[in-house]
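Data block below; observations after.
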Amino acid sequence: MELDYQKRLTDAGVKLSIQRLAIYAYIFENKNHPDIETIYLSLHPRFPTLSKTTVYNTMKLFEEKELVQFIKIEDDKLRFDCEMKNHIHFKCLNCNSIFDVFYKETEDHSKYNSMLPKGFVTSSVQTYIWGTCNNCTK
């Protein structure tokens, strides 16, 4: 699977390094929408020279190359998501988990254009829903 990560990064024009590869593999394999601190604390034991600044700069590069997206579902944290298909983020207010909720590809963000003033055109949409997940309502 590591070769697949290398290909994704090189295809996106990212210069490879062991730390960049590890950060991308982590975010791709951990669909928990981690923040900088979580990524850093998870990888630092394996990569003692890794810094939070490196993680932040790498994630910014990945976002610029459209390999990840930033999500801000909480006031105090910037989280990251490697799923680039259109989807909604649902945050459980009980367990604090964040879930990806997918919808039909035909239901793209163009439906929002009808809500906008004349001449406005959407290029992307991030939708957040807060509530209680099915594990917490049992």
Side-chain angles (χ1 to χ4, degrees):
M1 195 67 164
E2 190 170 299
L3 291 175
D4 187 44
Y5 298 144
Q6 288 178 354
K7 182 170 177 12
R8 288 172 189 244
L9 292 174
T10 55
D11 286 352
V14 174
K15 188 175 178 181
L16 286 180
S17 73
I18 290 184
Q19 291 179 336
R20 285 179 177 170
L21 187 57
I23 291 168
Y24 187 70
Y26 178 84
I27 191 120
F28 199 86
E29 293 168 6
N30 294 275
K31 306 282 187 187
N32 59 351
H33 304 84
D35 61 1
I36 294 293
E37 184 79 11
T38 302
I39 298 168
Y40 170 75
L41 291 174
S42 297
L43 295 177
H44 187 259
R46 280 186 26 224
F47 302 94
T49 60
L50 183 68
S51 69
K52 286 183 192 176
T53 301
T54 298
V55 175
Y56 177 79
N57 289 338
T58 299
M59 295 310 294
K60 187 166 175 41
L61 172 66
F62 289 172
E63 192 270 337
E64 289 168 3
K65 299 292 186 176
E66 298 181 355
L67 292 166
V68 300
Q69 60 178 317
F70 293 175
I71 62 169
K72 192 155 168 95
I73 197 164
E74 302 159 313
D75 289 337
D76 61 342
K77 286 186 184 176
L78 187 62
R79 294 179 171 267
F80 303 95
D81 188 0
C82 66
E83 180 56 68
M84 301 304 287
K85 291 180 186 171
N86 289 335
H87 65 284
I88 295 167
H89 291 103
F90 179 94
K91 180 174 182 190
C92 179
L93 296 171
N94 190 45
C95 67
N96 291 318
S97 296
I98 300 172
F99 301 89
D100 290 336
V101 179
F102 295 91
Y103 50 89
K104 296 177 189 170
E105 286 297 317
T106 57
E107 297 175 20
D108 66 14
H109 63 263
S110 63
K111 67 183 173 186
Y112 294 98
N113 287 335
S114 65
M115 293 184 248
L116 297 172
K118 187 174 181 166
F120 286 54
V121 179
T122 55
S123 59
S124 67
V125 173
Q126 286 203 7
T127 303
Y128 303 120
I129 301 173
W130 295 266
T132 307
C133 72
N134 61 351
N135 293 326
C136 291
T137 56
K138 291 179 184 175

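The shown structure was predicted, so the numbers you read here are calculated from the model rather than taken from an experiment.
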Spatial distance of atom [atom1] ([X]) from atom [atom2] ([Y]) [nearest 0.5 Å]:
X	Y	atom1	atom2	result
K52	N57	NZ	CG	14.0 Å
N96	K91	CG	NZ	4.5 Å
I129	I98	CD1	CD1	13.0 Å
C82	L67	SG	CG	9.5 Å
I36	Y56	CD1	OH	7.5 Å
C92	N94	SG	CG	5.0 Å

Non-hydrogen atoms of [X] and [Y] that approach each other most closely:
X	Y	answer
F70	K60	CZ-CA, 4.1 Å
S42	P45	O-CD, 3.8 Å
Y40	L50	CE1-O, 3.3 Å

ask   = Is the number of heavy atoms from other residues, nucleotides or ligands within 6.0 Å of NZ (K72) greater than 12?
value =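 More than 12 within 6.0 Å, yes.
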
ask   = More than 12 heavy atoms of other residues, nucleotides or ligands under 6.0 Å from CD1 of I88: is that the case?
value =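 It does: I88 CD1 has more than 12 such atoms within range.
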
ask   = How are the rings of F99 and F90 set relative to one another: parallel (under 30°), tilted (30 to 60°) or perpendicular (over 60°)?
value =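 Rings of F99 and F90: tilted, as their planes differ by 30° to 60°.
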
Is a donor on one side and an acceptor on the other found under 3.5 Å between the side chain of [X] and the backbone of [Y]?
X	Y	value
R20	K15	yes
T58	T54	yes
Y24	F62	no
R79	I71	no

inquiry  = Assess, by modelled atom type and distance only, whether the side chains of T137 and N134 contain a donor and an acceptor separated by less than 3.5 Å.
reply    =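 Result is no, nothing qualifies.
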
Do [X] and [Y] have side-chain heavy atoms sitting under 4.5 Å apart?
X	Y	value
P34	I27	yes
F80	N30	no
H89	T127	no
Q6	L16	yes

key: Check against side chain to side chain contact (heavy atoms under 4.5 Å, CB included), V55 and Q19   = CA-CA 8 Å; V55 175; Q19 291 179 336; over 6 Å; no

Under-4.0 Å salt bridge between E83 and K31 =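 The answer is no: the pair does not qualify as a salt bridge.
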
key: L9/K65 under side chain to side chain contact (heavy atoms under 4.5 Å, CB included): CA gap, chis, key distance, verdict   = CA-CA 9 Å; L9 292 174; K65 299 292 186 176; over 6 Å; no

query = Step by step, would you call D81 with V68 a side chain to side chain contact (heavy atoms under 4.5 Å, CB included)?
reply = CA-CA 5 Å; D81 188 0; V68 300; over 6 Å; no

request  = Determine, step by step, whether Y5 and E29 satisfy the side chain to side chain contact (heavy atoms under 4.5 Å, CB included) criterion, reporting the C-alpha distance in whole Å, the side-chain angles of both residues, the deciding distance to 0.1 Å, and the verdict.
outcome  = CA-CA 11 Å; Y5 298 144; E29 293 168 6; 2.9 Å; yes

